[in-house]
2 protein chains.
Amino acid sequence: MPTINDVASLAGVSTATVSRALNGKSTVSPALVTRVLEAVTALGYQPNGPARSLRRRETAVLALIISDVENWFFTAIARGVEDVAHDMGYSVVLCNSDENADKERRYIDVAIQERVAGVILSPTGAGTNADVLADTGIPMVAVDRPLPVGFGDTVLVDTRQAARMATEHLLAQGYGRIGCVTGPAGVRTADDRLAGYRDALRAARRRTSSTLVRRSEYKGTRAQQASAELFAQTEPPDALLVANSAMAIGVLAAVRELGLRPGRDVGLVAFDDAPWTAVVDPPLTVVAQPAYEVGRIAAQLLLARIGSSRRAPAVTTLTARLLERASSRRSAR
Amino acid sequence: MPTINDVASLAGVSTATVSRALNGKSTVSPALVTRVLEAVTALGYQPNGPARSLRRRETAVLALIISDVENWFFTAIARGVEDVAHDMGYSVVLCNSDENADKERRYIDVAIQERVAGVILSPTGAGTNADVLADTGIPMVAVDRPLPVGFGDTVLVDTRQAARMATEHLLAQGYGRIGCVTGPAGVRTADDRLAGYRDALRAARRRTSSTLVRRSEYKGTRAQQASAELFAQTEPPDALLVANSAMAIGVLAAVRELGLRPGRDVGLVAFDDAPWTAVVDPPLTVVAQPAYEVGRIAAQLLLARIGSSRRAPAVTTLTARLLERASSRRSAR
DNA sequence: GTGAAAGCGCTAACAC
DNA sequence: GTGTTAGCGCTTTCAC
């Protein structure tokens, strides 16, 4: 592969001039610029990224470490991050931590070693590895879940409030025994959604019964099992708040297996407005989190910080909307 | 951030020894290894990736350039790639070309500049940029869609055969006017699925009518519009083969809007066994492509080639399975 | 406006 | 087994 030296000799100039012509930093005479550019295309020259990074002591790459590539919420965030980053000339590398602290740690190490310009992270549980990153001084912003204060900016969705709103909607529809299927203890969103659910019941002076609550991994199969248990009780729930859309698939499978029809026999609300939720029958009522917006804002904050501004870390909280569809409309009974 | 020099002086050895101790290349006395390791942890040393890449003239990074991060088929491939790559000590950076040749070109340039060890690519349309990559000699394997011969290994699914099988299934169920909603002309999978559909009709001595075929972007909204047009005709189709799962969402929306019920009023088969397809009502009959397997095999081929073997490029073709569910069972009528 | 030269942090000959 | 040293390809003073 050709180097800057090859370009320089072909163009009959020094490497310094090639570098300047290519980076538009200092001013170079138009005639030389043309010659350099011709040499570049003639040779098919592509600058060596590692060499450039080494010398400049910085890269134009952002790392986005998300906890589940197959979760629509996170891929929507990824699109938001990408769109902003590309406009600013940054590339985004997507890493899938799979809700696993070891993988997360591994990707954080890679990010540090590659000296990325910044990291956007949806931290896995409590024992996250964000401190390692913070020590390096690489700017970081957390999405979906908070980081210990001081580590960086954070972009959240007010998911507790959203869960409360969703539960209140189910109460308003006349459901009496509302259950909740949420993620593992220690995962902040899972805890918050459960808390919001309890907030609503408490405010409505309903007893919150732990027999109506199940926690499992944020996965369809686990949620299917959890909800099957819930329905197998002598006093089963008549409605369910489901904490993410992968889980919703499992819950729908369990509901179908029991011959129940959402909206008629059981009220259902799930987090995340994944495209498919609108086409199941009946359509699924969802808590629509502004995922793309979360990604955009996170990227903007990160780039601002890379641009050296030394503001104190801030928390941005966006709100979710409830999209009422037929799976929670009691009137469908 | 500490460098190898800091580690060396703290451990009281030369940088060469630190390097050797850390890379386990040549043999270093156990006592020194311990001292080096202690210094490393004391300083929180993380090797500088760009410097290492520059010197070694290689990286342990693979680029995976896919055409749609929100498409389950591609994220499943990504998991397959990742699992294999990680086992072999490689990191995977995921890039979303968005079915856009310019973005694809941009990511290929990034991959070249970063001197990645290899590239896995689902090439966008005909005018793909793979030749640029091929010129550099960076190993490459194509997934889902073929590359001009000689460019690299290719892992495909026999999607034409699968489309034929799916169409034959609809014929066997007694559907008489089977339509097809597929992707844009020039996208190989879209063309192949259409061809397979026609193969089946021809074999059954049915007329293939172009009024029953629609092409659009591989997206839900576009497919919704396309299928609405199809159904608005005086002689609408009584069944549809849909070329991917994003499109299936749009088709289901159109079908619902018309008050039709899949399986009873219209037979439906779609490509890709996305998790949600099993929980719509009625469950969607799908062509299950072995996406994860495609990813695994692609990564294995790529790593083998990075490991210098100079075999001629090969094409691996996997087969898909038809999962018959209620959306195509005429008996449900 | 252009070139010469130093050096980013690391690894791999090459000595010893 | 360990140290010395020469670059990898680039950017960036510093001269002119």
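Order of the sequence lines sets the chain letters (A, B, ...), proteins ahead of strands, with each chain counted from 1.
- Within 6.0 Å of CZ on A:R188 lie no more than 12 heavy atoms contributed by other residues, nucleotides or ligands.
- Remark: the A:T189 side chain and the A:Y218 side chain contain an N/O donor-acceptor pair separated by less than 3.5 Å.
- Between the side chains of B:E70 and A:T75, not a single donor N or O lies within less than 3.5 Å of an accepting N or O.
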Inset, instruction - Could you give me the CA-CA distance, side-chain angles and deciding distance for B:T124 and B:E104, then say whether side chain to side chain donor-acceptor pair (under 3.5 Å) is met? - result: CA-CA 7 Å; B:T124 64; B:E104 178 185 272; 3.3 Å; yes
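- Expressed to the nearest 0.5 Å, how far CZ of A:R106 lies from NE2 of B:H86 amounts to 4.5 Å.
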Inset, instruction - Give the B/S/- string for nucleotides 8-16 of chain D, one per nucleotide from 5' to 3', where a protein heavy atom under 4.0 Å of the base yields B, of only the sugar-phosphate yields S, and otherwise -. - result: BBBBBB---
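- Judged purely by distance below 3.5 Å, without hydrogens or angles, the side chains of A:Y107 and A:N96 never pair a donor atom with an acceptor atom.
- Using modelled atom types and a 3.5 Å distance limit, the side chains of B:S122 and B:S67 yield a donor-acceptor pair.
- One can place CZ of B:R35 at 13 Å from C1' of D:dG1, the figure rounded to the nearest angstrom.
- If you check the side chains of A:N48 and B:Q113, you find no donor sitting under 3.5 Å from an acceptor.
- Computed from C1' positions of five pairs at each end, the angle between the two local axes of the helix from C:dG1-D:dC16 to C:dC16-D:dG1 equals 40°, rounded to 10 degrees.
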